[in-house]
Amino acid sequence: MIPPVSPLWREEGVCSVSAGFRYENDPALAAALDRNLALDVARVTEAAALAAARHMGRGDERAADLAATSAMREALTAVPMDGAITVGPAADPDEGLFRLGEKAGNGQGPALDVGVTPLEGGTICAMGAPNATACMALAPKGGLLAVPPVYMEKIAVGPGVPPGTVSLAADPAENAKALAAARGVPVASLLVCVLDRPRNEGVIDRLREVGARITLISDGDVSGVIAVGLPETGVDMYIGSGGAAEGVLAAAGLRCLGGFMEGRLLVRSDAEKAAVRAAVGDPARILSLDDLVPGEAMFAATGVTDGTLLRGVRLHADSARSYTLVMRSRTRSIRLIDTRHDLRHDPRHDPAH
Ligand SMILES: O=P(O)(O)OC[C@H]1O[C@](O)(COP(=O)(O)O)[C@@H](O)[C@@H]1O
């Protein structure tokens, strides 16, 4: 189902699209992201993607994760911000991986929350399969919901769908019918993205009953959610549960694209229930996009392997090429950055690898 080369790049090449302005009416939040950090954050996800791409298909997910994390950590030190990692790492990350609260940036600049998945789809990268990316989100301090390491039910649709059309409060089949009605198209023309997991089987069954088309992804639901905001991908709706941190990162992306999203944290044990209560109060609460990412945000992703959103890294003997999507909510700018890296001038480059 996944196109071998992202349609964004096939059609557009290198371009920058601005879809008008959307200022939050909060000067403090607006000021925090006043400086356009687009190139700075692109360098960060590029560094992670280039490092991960060296491990593509080598069957060692951990090595790929560690390489991506180390490269991202180093690249973050050059970003002019006083940041802290607030979304991404697991509760007890392995040595070498990011830790919650870890400082990010050079300490000079706005105080920002930083969400990271240095390698979104470690398993995918290790298998050399499509859709692995390196992702990062920025928001003013307090602007990314701090979620515990649990699963999150998610539903997302792109811009232009009236609010209330779809909801986690409704059955997936009803959501598909409502979305088709709002768009004035038959349900059979909808394409719904679902993470391929046994826990999402009920969702898949209900969608099939009403005849919606489905694209199942093996991992990487940040891209799955964000795809709904980019018509070129052909994905109309995302439904199903995946990681909660990935849900917040994807929400930052949708904030920039203008889509609709809801999330609900899933509780599987008493410990998770306590953690969810501490984070959001009532565990059954449906979280809106405003709950997940309350104000301005910036999102960047670089392809590691070819996928729905982005082409993967191309590696040559002493050069590389990467493809990065950078968006910010304040201007709704969407930048597709095609970078040629001359590795001979990169002190980190080891020609033996
Ligand atoms: O694999 P699980 O436990 O169902 O978790 C789903 C989450 O894992 C991911 O697929 C990432 O996978 P990796 O751990 O291989 O990077 C996310 O996109 C998704 O939200």
Side-chain angles (χ1 to χ4, degrees), residues 1-2 45 48-49 51-53 55-72 87-94 96-98 115-137 144-145 147-156 193-204 215-228 233 235 238-254 261-269 272 287 292 299 301-305 307-310 312:
M1 283 290 203
I2 294 166
T45 55
H55 295 267
M56 178 177 169
R58 289 186 170 176
D60 191 343
E61 179 179 346
R62 184 175 156 73
D65 272 335
L66 286 171
T69 303
S70 164
M72 182 175 266
V87 171
D92 297 310
D94 290 353
L97 300 183
F98 279 114
V116 289
T117 50
L119 181 51
E120 161 69 349
T123 317
I124 296 176
C125 177
M127 293 191 314
N131 249 351
T133 55
C135 302
M136 171 178 164
L144 298 177
L145 181 68
V147 285
V150 296
Y151 288 121
M152 179 192 282
E153 286 178 85
K154 307 167 194 180
I155 187 163
C193 181
V194 185
L195 189 62
D196 192 6
R197 293 290 185 279
R199 63 175 185 274
N200 287 330
E201 269 167 18
V203 170
I204 295 165
T215 178
L216 289 173
I217 53 170
S218 66
D219 274 299
D221 71 347
V222 175
S223 300
V225 170
I226 286 176
V228 303
T233 65
V235 177
Y238 178 91
I239 316 188
S241 73
E246 287 85 347
V248 177
L249 276 154
L254 271 197
M261 178 176 175
E262 286 178 347
R264 181 163 49 199
L265 299 178
L266 282 176
V267 166
R268 294 169 305 162
S269 67
E272 286 190 355
L287 302 162
L292 297 166
F299 176 89
T302 301
V304 176
T305 60
T308 312
L309 291 186
L310 294 158

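Just so you know, ligand 1 is whichever comes first in the structure, and atom 1 is the first atom listed for that ligand.
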Can Leu195 be said to touch ligand 1, with heavy atoms closer than 4.0 Å? yes

Any nitrogen or oxygen of Gly122, side chain or backbone, less than 3.5 Å from one on ligand 1? yes

Backbone or side-chain N or O of Val222 under 3.5 Å from ligand 1 N or O: no

Evaluate the side-chain proximity of Thr308 to Ser223: yes if any heavy-atom separation is below 4.5 Å, no if none is. no

Closer than 4.0 angstrom, basic N to acidic O: yes or no for Asp221 and Arg197? no

Working to the nearest 0.5 angstrom, can you tell me the gap between Ile155 CD1 and Met261 CE? 10.0 Å

With side chains defined as the heavy atoms from C-beta onward, is the minimum distance between Leu287 and Arg264 less than 4.5 Å? no

heavy-atom search around atom 14 (O) of ligand 1 in the protein gives Glu61 OE2, 4.0 Å

Atom CE in Met152, atom CG in Leu265: separation rounded to 0.5 Å? 5.0 Å

For Glu61, which residues count as a side chain to side chain contact (heavy atoms under 4.5 Å, CB included) partner, sequence neighbours excluded? Asp65, Thr123, Ala126

Need the ligand 1 atom indices (1-based, order shown) with element for anything under 4.0 Å from a heavy-atom of Glu120. 11 (C), 17 (C), 18 (O)

For ligand 1, which atoms have a heavy atom of Thr123 less than 4.0 angstrom away? 15 (O)

Val222 vs Phe299 side-chain heavy atoms within contact, under 4.5 Å: yes

How close does the nearest protein non-hydrogen atom get to atom 5 (O) of ligand 1, and which residue and atom is it? Tyr151 CE2, 3.5 Å

Ser218 meets the side-chain hydrogen bond (donor to acceptor under 3.5 Å, both in side chains) criterion, sequence neighbours left out, with none

A student checking ligand 1 against Gly242 at a 4.0 Å heavy-atom cut-off should list atoms 20 (O)

Relative to the heavy atoms of Arg197, which atoms of ligand 1 are at a distance of less than 4.0 Å? 1 (O), 2 (P), 4 (O), 10 (O)

Nearest neighbour in protein (non-hydrogen) for atom 19 (C) of ligand 1: Asp221 OD1, 3.4 Å

Does only the side chain of Leu119 get under 4.0 Å from ligand 1, or the backbone, or both, or neither? Count heavy atoms. backbone

Can you pull out the closest protein heavy atom to atom 10 (O) of ligand 1? Residue, atom name and distance to 0.1 Å, please. Asp219 OD1, 2.5 Å

Pull out every atom of ligand 1 sitting under 4.0 Å from any heavy atom of Gly243, numbered as shown with elements. 6 (C), 7 (C), 19 (C), 20 (O)

Any heavy atom of Met152 sitting closer than 4.0 Å to ligand 1? no

Find the distance between OG1 (Thr69) and CG (Leu119) and round it off to the nearest 0.5 Å. 8.0 Å

So if I count the atoms of ligand 1 from 1 in the order they appear, which ones are less than 4.0 Å from some heavy atom of Gly220? 9 (C), 10 (O), 17 (C), 18 (O)

Would a 4.5 Å heavy-atom cut-off, applied to side chains only, mark Lys154 and Tyr238 as touching? yes

